[in-house]
Amino acid sequence: MFGLPKSDRDRRVPLPDSVADLLRTHFETFPPVKFTLPWENPASSERVTVQLAFTTTRQSVINKNTFNAKSWHVALRNAGATPSRSTGMHTLRHFYASSLLDGGESIKALSEYLGHANPSSPCATTPPDALQRRAHPKGNR
């Protein structure tokens, strides 16, 4: 089943040119695969076709539990980290937010990237030191 994230809004985030270049190279070797599934409701007759940027080796949809067990957790262990809630995918979302704030991104823009309706939402889960650095950029402390 396909569907938008929990806020039912499309999310677009900026990528550095270096990441865009890596993705272009990936797509030359592994072109996106068209896949059709129900939209929002598995029992619905409505079908939507999308292009998947990343698939299994059999060109199928990647299951998040399989990805975690066979890719993400393996990568964590290889890096010397223990798979846990604090090293999970959602933690990357918080790291991303903190990194953008550290880099000078506005809280309003960040909330849009994360799909938050309220710009104060990122503040609730962002470390206070990151918010402090954003409120008082270098040289203004």
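Computed from a prediction, not measured in an experiment: that's the story for all the values here. Note that the numbering runs from 1 along the sequence shown for the chain.
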Could you work out, with ring pair (Phe, Tyr, Trp, His ring centres under 6.0 Å) as the rule, every residue matching Tyr96, not counting sequence neighbours?
none

Of all residues at least two apart in sequence or in a different chain, which pass the ring pair (Phe, Tyr, Trp, His ring centres under 6.0 Å) check with Phe27?
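For Phe27 there are no ring pair (Phe, Tyr, Trp, His ring centres under 6.0 Å) partners, ignoring immediate neighbours.
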
First locate atom CG of Leu22, then atom CG of Asp17, and finally report the distance between them rounded to the nearest 0.5 Å.
11.0 Å

For Ser86, enumerate each residue passing the side chain to side chain donor-acceptor pair (under 3.5 Å) test, keeping only those at least two apart in sequence or located in another chain.
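If we apply the side chain to side chain donor-acceptor pair (under 3.5 Å) test to Ser86, skipping adjacent residues, the hits are Ser84.
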
Could you list the residues that satisfy side chain to side chain donor-acceptor pair (under 3.5 Å) with Arg93, not counting sequence neighbours?
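Expected list: His116.
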
List the atom of [X], the atom of [Y], and the distance in Å for their closest heavy-atom pair.
X: Val19; Y: Leu15; value: CG1-CD2, 3.9 Å
X: Val61; Y: Thr56; value: O-CG2, 3.5 Å
X: Arg85; Y: Thr91; value: O-OG1, 3.0 Å

Find out whether Thr55 and Ser60 are in side-chain contact, i.e. whether some heavy atom of one side chain is under 4.5 Å from a heavy atom of the other.
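Side chain of Thr55 against side chain of Ser60, heavy atoms only: no contact under 4.5 Å found.
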
Hey, are the side chains of Thr82 and Thr87 touching, using non-hydrogen atoms and a 4.5 Å cut-off?
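Thr82 vs Thr87: side chains apart.
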
Is it the case that one hydrophobic cluster holds both [X] and [Y], taking links as side-chain heavy atoms less than 4.5 Å apart, direct or via other members?
X: Phe54; Y: Leu37; answer: no
X: Leu114; Y: Met89; answer: no
X: Leu52; Y: Val48; answer: yes

Sorted by chain and number, sequence neighbours left out, salt bridge (charged side-chain N to carboxylate O under 4.0 Å, His left out) with Arg24 holds for Asp21

May I have the step-by-step check of side chain to side chain contact (heavy atoms under 4.5 Å, CB included) for Gln51 and Phe35, ending in yes or no?
CA-CA 6 Å; Gln51 291 196 44; Phe35 214 85; over 6 Å; no

Write out all pairs satisfying ring pair (Phe, Tyr, Trp, His ring centres under 6.0 Å) with one or both partners inside residues 57-82, taking only residues at least two apart or from two chains.
none

Are any side-chain N or O atoms of Arg47 and backbone N or O atoms of Ser44, one a donor and one an acceptor, separated by less than 3.5 Å?
yes

Polar side-chain atom of Ser111 near backbone of Lys108 as donor-acceptor pair, under 3.5 Å:
yes

